[in-house]
Amino acid sequence: MGATGAEEAAGDDTIRCDACPVLCRIRPGRTGACDRYANIDGILTRCDPLVIAHRAAESGQPMVPFAGGTDWDGSLLRPQATFVTGIGSGTTYPDYKPAPFIVSSKHDGIDMVTVVSEGIFSYCGLKLKIDTDRYLGPETAAVRAKGEQVGHVTTAEYGSQMLSLGGVRHLTGGSKKEGTVTCDTLLALCNKEAVELAIDGGARVVVQAGQPPVVDDKLEERMRVGCGSATIGIFAPQWLGHADEVIVVDDHITGVLTEHQAGRFLDMRPGGIRVRGRKSTPGRYFQVAEPGLGWGGTDITDPLEIIARIDPKTAWPGMRLLMVSTTGEHAAWFVLDDKLKPQPAEMPAPIRNVVERIAENCEPALCTVLFMAGAGGSLRAGVTENPVRLTRSVKQSLTRVTSGGAPVYIWPGGGITYMVDVMRMPDKSFGYVPTPALVAPIEFTLPLADYAALGGYADRAVPLEEVLRGRNLAREAWRPDNPWPIEPKSRQSG
Ligand code: SF4
């Protein structure tokens, strides 16, 4: 364990932690309310190891395996391939002291510095992308965990339902229980654990970063290949000659092949089948059914229900009709009888092949968790005496911001509002404090000269080698898909 400096004597052997506003009084051998700090021999100590990420040599040397432990001193690591993350680094809040680690290193002869800290964020939440067409609930509906509202359904995206969870209103603006459950939910999802959510007027869904969603106990396997109209466009030539009409059932746009531009382009004979719903453009229909867990994200279980009428002047007996969903999960083959009524029939092999190809072209359904937080407040005071210069430096792309070494997206406009994909971060990167708020690693990397120019605590910079000689370090293999942060930004595009 390593001392953080975030401490204050509180008489006898009890010490007071000032790493967050809870100001725990911690007795010897005990931990504070968040279990992140302990009183070890009268010294306030960050319990978790400081995570050091190490990348393999470019020669193809194997990745360094994770091997945490208090007896490892980091001496085997190559400094030029080593990055000190904010995980386990400690902090104070508000940041009235310099960040716990200000690490200097060299990159291609340039003196660099990485300011390493753990941010305490009450303005934070996450955007959850769930790859499914199944109906999760109406837009703006409350999303609940353990009965408490922790967020809401937001705008759906192409092939995905989106939830917005957390945020300062749920964390601190409601009841104590709402705040605690919201904090627990965010923490679990950010640490890549599974969470069950219930949506008012909608579904129950189990979500976990990097894993497929489970909607009302059903594992979602595929993301749709496209909307119904796009599916028509992609597969129309493959249906030509094997089907007289194809209807792709979709909650967004249901496609009707012979009326659609793709069918016309192929000179297909009009089929005369009119589906329910509101016609958008030829062969493209909105609202053919209610949203649900049936065909193509609708509530339809019998596809013939969406047929409004069949024009006897246009359709003909023996007409071959395929009805299929946008994932290929549902498909049915019909032949019109003498009364122009669709009768189920055995699906011919060429049609089955195209249905299977729809399924083959669907990507695996996953849940994606993006953590979003504002680092533009007092956190900056741990980096520089003149905080607005840090904001400007980030906006001018002179300072690289990472979270546990993972690249972040910085929102334009004021502040340092960032988003990070938790799957690009080491496991268990996040913690919490009971105020409640989330604790997330954050690192600012820039040339040492620039750091001094923006009013940074350059005289407190400690060589990387010295940090690696410290105790209670844990190694983490660098994710090769993450850009290497210790490089002046002008040399990288990211
Ligand atoms: S909750 Fe944790 S960080 Fe906050 S004062 Fe207590 S021990 Fe320190």
Side-chain angles (χ1 to χ4, degrees), residues 1-51 70 84-102 115-125 166 168 170-188 190-191 371 373-375 377-383 403-404 425-426 428-443 470-472 474:
M1 300 186 185
T4 65
E7 62 191 285
E8 183 177 325
D12 56 57
D13 291 334
T14 300
I15 55 175
R16 194 167 76 183
C17 175
D18 63 354
C20 92
V22 176
L23 297 175
C24 294
R25 293 170 60 85
I26 308 176
R27 294 207 300 275
R30 307 296 288 269
T31 60
C34 67
D35 285 337
R36 295 188 311 124
Y37 286 91
N39 178 346
I40 305 292
D41 299 331
I43 296 174
L44 185 70
T45 305
R46 183 72 176 84
C47 303
D48 303 301
L50 176 68
V51 173
T70 54
V84 179
T85 79
I87 305 164
S89 64
T91 185
T92 57
Y93 182 86
D95 292 69
Y96 45 82
K97 298 175 186 172
F101 292 93
I102 299 173
V115 181
V116 176
S117 186
E118 286 180 310
I120 298 181
F121 298 106
S122 47
Y123 277 87
C124 75
V168 71
H170 291 303
L171 279 169
T172 60
S175 67
K176 187 171 181 194
K177 188 172 176 210
E178 179 181 338
T180 304
V181 172
T182 299
C183 188
D184 290 349
T185 303
L186 297 181
L187 182 64
C190 287
N191 280 337
F371 175 72
S378 81
L379 189 149
R380 296 173 300 173
V383 182
S403 181
M425 302 172 68
K428 305 244 175 262
S429 288
F430 291 80
Y432 81 102
V433 293
T435 51
L438 250 66
V439 179
I442 190 160
E443 306 95 24
R471 293 291 166 177
N472 200 19

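Every number for a ligand or one of its atoms is a count from 1 in the order of the listing. Quick caveat: nothing in here was measured; it's all calculated off a predicted structure. Index from 1, following the sequence.
- Salt-bridge formation is detected for the pair K97/D18: a Lys NZ or Arg NE/NH1/NH2 atom is positioned less than 4.0 Å from an Asp or Glu carboxylate oxygen.
- For the side chain to side chain donor-acceptor pair (under 3.5 Å) test, no residue two or more places apart in sequence or in another chain qualifies with T435.
- With sequence neighbours left out, the side chain to side chain donor-acceptor pair (under 3.5 Å) criterion links K428 to E193.
- Residues satisfying the ring pair (Phe, Tyr, Trp, His ring centres under 6.0 Å) test with F371, not counting sequence neighbours, are F430.
- I120 has its side chain out of reach of Y432: every pair of non-hydrogen atoms, C-beta onward, lies at least 4.5 Å apart.
- Protein-derived N/O/S atoms nearer than 2.8 Å to atom 6 (Fe) of ligand 1 total 1, waters excluded.
- Contact check for T85 versus E443: side-chain heavy atoms found under the 4.5 Å cut-off.
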